[in-house]
Number of protein chains: 2
Amino acid sequence: MPDRHTLEETERAMKDHVGDLPLDFAAANALSNLFRAANAVRTELTNRVLRQHDMTWTGFVVLWVVWIWDGMETRHVAESADISKATLTGVVKTLEGRGLIVREGDERDRRLVRLRLTDEGTALMEQIYPEFNAVESEIVSQLSERKVSTFTRTLRDVVKAVELQTDARDEARDEA
Amino acid sequence: MPDRHTLEETERAMKDHVGDLPLDFAAANALSNLFRAANAVRTELTNRVLRQHDMTWTGFVVLWVVWIWDGMETRHVAESADISKATLTGVVKTLEGRGLIVREGDERDRRLVRLRLTDEGTALMEQIYPEFNAVESEIVSQLSERKVSTFTRTLRDVVKAVELQTDARDEARDEA
DNA sequence: AGCAGATCGTTCGGTAACAAACATTTTCCC
DNA sequence: GGGAAAATGTTTGTTACCGAACGATCTGCT
């Protein structure tokens, strides 16, 4: 077992293990690269930008969402940040402890909690986000403009493809 | 602040917050879709395949790597699974507790720890992986074959773009 | 031979992540 | 108007996740 493995070696090794079953290597390869790319970008942005401000990835994303949409309700923030509401509760607690965000009850519907940035939180985002976007830009600049738009469109197609499956499953469940 | 926001609304809201600074919206949009897609796929595979076997995403990935490359050293497993070695230690502990994997010292170099699947672990992978790959295949099948290969190539380009930055940074550090 | 430096996996401390169960509040429907 | 059902955010319990510091081991150099 060598240190690094080529795609071909991996495919052969896989075939040895699954036997005769037909596998979709192209799909496996595409999605494994999807995760690899997402991880690489996330790590790079964390190390290069967020770390200096002692900020985690999720903390930053939540802060960003609330920065853009001031006073947003928590369930929408969770959805926008692509995390569960349970996770959001914890993250907000951390950010609140650092004086970057505040929770605010809604008068009309007392189940709701709205989030706002403090002045400190706003100042932080005004400083961090341009840095963050500059690194995003640097990374993407390695691709041609044309490739970027195709890439973005395909990524959206992937999200849609998953939603299609999820919806079909939900409907099937509702039958029962 | 409406419930859902179009891309245009978000861009306008961002401009209101960053003022005159020039932002790279295309880059921000591409990368935000990258994370969205990765999350969606990961959640779908977890819910549809792994959950039934009481298996976490990372646990599965580690198991998969060790299944394919039997006896691999932990640092290489961590690298292949795209997690830190500290995380791997914890995950292996969990998998070991469930009797799916074993740790094995290396005779020659006693710092090393090699990982192997138990019979139970192997049996589990032989069952899960085909299911896993079938769902991967379903998701990707929404895209044309041509799109998939372009997509895969671009994802690799993104990984390379990040590595380029990382390497440049490392070299700059070595100067000092 | 012997010791400075590198390498390897683990531990530690702190944060993130989610499902499920929960209390509170609102809505729906008769 | 009143009770069932739905919606909202929090708590609980478990696992994942990483950087930094650590002890053990190996390598290279002289």
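Just so we're on the same page: letters track the sequence lines, and every chain starts at 1. Being a predicted model, the structure only gives us computed values, none of them experimental.
- Nucleotide dC18(C) holds its P atom 13 Å from the CD atom of Glu79(A), rounded to whole Å.
- DNA chain D is contacted by both Gly90(B) and Asn47(A); Gly90(B) maps to the nucleotide lying nearer its 5′ end (nearest heavy atom per residue).
- As judged by a 4.0 angstrom heavy-atom cut-off over every strand, Leu88(B) is placed among residues making no nucleic acid contact.
- Here Thr58(A) reaches the OP1 or OP2 of dA17(C): one of its side-chain N or O atoms lies under 4.0 Å away.
- Remark: the backbone N or O of Gly99(B) is paired with a side-chain donor or acceptor of Thr118(B) at under 3.5 angstrom.
- Here Lys93(B) does not reach the OP1 or OP2 of dT10(C): none of its side-chain N or O atoms lies under 4.0 Å away.
- A salt bridge does not link Asp106(A) to Arg108(A): none of the charged side-chain nitrogens sits closer than 4.0 Å to a carboxylate oxygen.
- Checking dT15(D), dT11(C), dT25(D) against the side-chain heavy atoms of Arg110(B) singles out dT25(D) as nearest.
- Just one residue in the list Val113(A), Leu112(A), Val92(A), Val66(A) forms a side chain to side chain contact (heavy atoms under 4.5 Å, CB included) with Thr74(A), and that residue is Val113(A).
- Note on ring orientation: taking the six-membered ring where Trp is involved, the planes of Tyr129(B) and Phe132(B) are parallel (angle under 30°, cut-offs 30° and 60°).
- The side chain of Ala86(B) approaches dT11(C) more closely than any other nucleotide in the set dC18(C), dT11(C), dT10(C).
- Each of Glu107(A) and Thr87(A) has a nearest nucleotide on DNA chain C; the 5'-most of these lies closest to Thr87(A).
- Close to dG9(C), at under 4.0 Å from its OP1 or OP2, lies no side-chain N or O of Arg103(B).
- Between the CG atom of Asp82(B) and the P atom of dA16(D) there is a distance of 16 Å, rounded to whole Å.
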With a 3.5 Å cut-off and sequence neighbours excluded, list the donor-acceptor pairs that the side chains of residues 30-44 of chain A form with protein atoms.
{"from": "Ser32(A)", "atom 1": "OG", "to": "Arg36(A)", "atom 2": "NH2", "distance (Å)": "3.3"}
{"from": "Asn33(A)", "atom 1": "ND2", "to": "Asn29(A)", "atom 2": "O", "distance (Å)": "3.0"}
{"from": "Asn39(A)", "atom 1": "ND2", "to": "Asp82(B)", "atom 2": "OD2", "distance (Å)": "3.4"}
{"from": "Thr43(A)", "atom 1": "OG1", "to": "Asn39(A)", "atom 2": "O", "distance (Å)": "2.8"}
{"from": "Glu44(A)", "atom 1": "OE1", "to": "Thr166(B)", "atom 2": "OG1", "distance (Å)": "3.1"}
{"from": "Glu44(A)", "atom 1": "OE2", "to": "Arg48(A)", "atom 2": "NH1", "distance (Å)": "3.3"}
{"from": "Glu44(A)", "atom 1": "OE2", "to": "Arg169(B)", "atom 2": "NH1", "distance (Å)": "3.1"}

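- Comparing atom distances between the Thr89(A) side chain and each of dG9(D), dA16(C), dA20(C) picks out dG9(D) as nearest.
- Here the side chain of Ser137(A) pairs no donor or acceptor atom with the backbone of Asn133(A) at under 3.5 angstrom.
- Protein atom CZ of Phe60(A) is 19 Å distant from nucleotide atom P of dC18(D), rounded to whole Å.
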Annotated protein contacts, base or backbone, on nucleotides 2-8 of chain C with a non-hydrogen cut-off under 4.0 Å, one of B, S, - each: -----BS
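- Counting any heavy atom pair closer than 4.0 Å across all strands shown, Ser84(B) reaches a base atom.
- Residues Phe151(A) and Leu155(B) form a side-chain contact, since some pair of their non-hydrogen atoms from C-beta on lies under 4.5 Å apart.
- Checking dA19(C), dT10(D), dT15(D) against every side-chain atom of Thr94(B), the shortest atom distance belongs to dT15(D).
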